[in-house]
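Predicted, not measured: the structure shown is a model, and the values here were computed from it. Both counts, for ligands and for their atoms, begin at 1 and track the order of listing.
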Amino acid sequence: MSTDQLDRFYRVLEKNCSVIDSPEYALLVVPNGNQALPVHRWFHLKESYSSRLLARVLKDVNFGSNRELRVLDPYAGAGTTCVAAADLVADREVSRSTAYGVEANGFLQLVASSKLRALQDPPASLPALVKKIRRAVLSRRATTPEPPTLSTFHVDAYFERAEIEQLMRLKVAIDSAEAAGADELEIALARVSLGASVESVSNLRRDGRTLRYVEKPFRQTALQAFERLAGVISEDLPQRRVPISGRVIRGDGRRMSGLDRRIQPFNLVIFSPPYPNNIDYTEVYKLENWLLGFITNTEEFVQQRLRTVYSHPSVLRPDPLPTPLLDKAANAQLEALVEPLLAVVPLDRYAEGRRRMLRGYVVDMYLTIVSARQRLAAGGAVVYVVGNSVHGHGSGQFVIAADLLIAGLAKAAGLRVERLCVARHLRRRFVSSPYLRESVVFLRHADS
Ligand SMILES: C[S@@+](CC[C@H](N)C(=O)[O-])C[C@H]1O[C@@H](n2cnc3c(N)ncnc32)[C@H](O)[C@@H]1O
């Protein structure tokens, strides 16, 4: 099969959707502006969407301001959806809200859940806890445990010894304060401050799929970075509780595992899943997770990768299709949907990794959509944001149109694709394809 044939296949999938160029979404599918906003700015997740996306989506699904907004994000990331829902309540743009999130990454779940909890019940004495931690770190009696075994922490060019030691003392001081009975949410916020400081203390910078070495001419010390961020968090805490219920739990967005079955259905399920673009969140956010002890050895590192959506080929998993989680008919539908893509995978040394990833990705997205549908209230909407990506090299390049693949899966799962809004066209050198784009896709129950 050629890429022309693949484009023809995409055109067939597109026939089931109303595709609309929607440049008004261009700045909403990226974290544009989040770094300047209270609470959103506590941790910069490059793959987040904008804090203003939710409001725009609510407008486009004609969500009235007098109803309770019940929103679920199965790929919560840094918690943009839940915090945006709280912003809408605080600004009285919706009367009431319940927001739940699911996130697989330990550190990111800590960030997202702490943000929501801090808005629901702002703690009073974070500055006092930070002072106590500072005293413990600077104390002559402070012990300095060994850094995590992850090799990155042991490369002198990446971390200065003194900084690693201070990071470890901060960790111990927080653990000790917890053991001494400090407020649980304040401890969580202290850990967010520590985790969010680690990159800035190193000579590493997140760059797409990897952490890249960059010699930073000026770096704060670990203690300065920690105190600065804890100061920002204290400053952002609201004066009054925001009346929003819900939680961000650590679990699996594909099955919504960990999300109590008794929770009332949601009128909006909104998410941006990992894109099939080889970004391995476990790798990119490894420093934070190892430092805080969410991952302590190589086996746990591998297990964490396996818990994530199959959007990257970093660990070759057993062939995900057919999956015992689905019946024969559903497996056959997924096989048929992914086949045209498998046919264009170049026969190079990455072939098997790519094929498995594609097969895994359709399984994971199908499970996500089915789970979202099960949690959806009558008349509710499922909205996803996803980017399409180029794979392969030279003449073997092809586009994975994740927006259309997921739309095809949604149809198979009994949802109707109301519209596919093209937020922005993406540019890649040597590739010109109408499918290279980032989209916001609106789904409804087929019978609504
Ligand atoms: C594109 S990001 C979501 C960003 C989020 N919308 C925000 O604005 O912060 C995708 C997220 O999915 C998470 N993830 C990957 N596999 C997962 C799984 N199986 N269950 C839940 N979350 C998962 C990643 O850790 C990452 O945080």
Provide the number and element of each atom of ligand 1 under 4.0 Å from a heavy atom of [X].
X      : value
Pro74  : 21 (C), 22 (N)
Gly251 : 20 (N), 21 (C)
Leu108 : 25 (O), 27 (O)
Asn105 : 25 (O)
Asp252 : 18 (C), 19 (N), 20 (N)
Leu45  : 4 (C), 9 (O)
Arg254 : 19 (N)

Stepwise side-chain hydrogen bond (donor to acceptor under 3.5 Å, both in side chains) test for Asn277 and Ser389 = CA-CA 6 Å; Asn277 59 1; Ser389 36; 5.7 Å; no

Are any of the side-chain nitrogens in [X] or [Y] under 4.0 Å away from the carboxylate oxygens of its partner?
X      : Y      : value
Glu93  : Lys59  : no
Glu14  : Arg437 : yes
Glu288 : Arg206 : yes
Arg205 : Asp207 : no

Is Met365 close to Val309 at the side-chain level, that is, under 4.5 Å between some pair of heavy atoms?
-> yes

Lys115 side chain reached by Cys82 side chain, heavy atoms, under 4.5 Å |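 With C-beta onward as the side chain, the pair stays apart.
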
For ligand 1, indicate whether the residue [X] contacts it via side chain, backbone, both or neither (heavy-atom separation under 4.0 Å).
X      : value
Tyr49  : both
Arg307 : backbone
Thr308 : both
Val309 : both
Pro31  : neither
Ala76  : backbone

Given 3.5 Å as the limit, does a donor-acceptor pair link the side chain of [X] with the main chain of [Y], or not?
X      : Y      : result
His154 : Pro148 : yes
Thr152 : Leu150 : no
Glu283 : Thr210 : no
Ser439 : Leu420 : no

[atom]: the protein heavy-atom neighbour that sits closest, reported with distance to 0.1 Å:
atom                    : value
atom 20 (N) of ligand 1 : Gly253 N, 2.8 Å
atom 2 (S) of ligand 1  : Tyr281 OH, 3.4 Å
atom 14 (N) of ligand 1 : Tyr75 CD2, 3.8 Å
atom 9 (O) of ligand 1  : Ser48 OG, 2.7 Å
atom 11 (C) of ligand 1 : Glu103 OE1, 3.7 Å
atom 10 (C) of ligand 1 : Ser272 O, 3.5 Å
atom 8 (O) of ligand 1  : Thr80 OG1, 2.6 Å

Looking only at non-hydrogen atoms, which of Cys82, Pro274, Gly77, Ala104 approaches atom 15 (C) of ligand 1 most closely?
-> Pro274

Aromatic rings Phe43 and Tyr285: how do their planes relate, parallel, tilted or perpendicular, breaks at 30° and 60°?
-> perpendicular

For the student: nearest non-hydrogen atoms of Val382 and Ala372, plus distance =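 Here Val382 and Ala372 meet closest at CG2-CB, 4.2 Å.
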
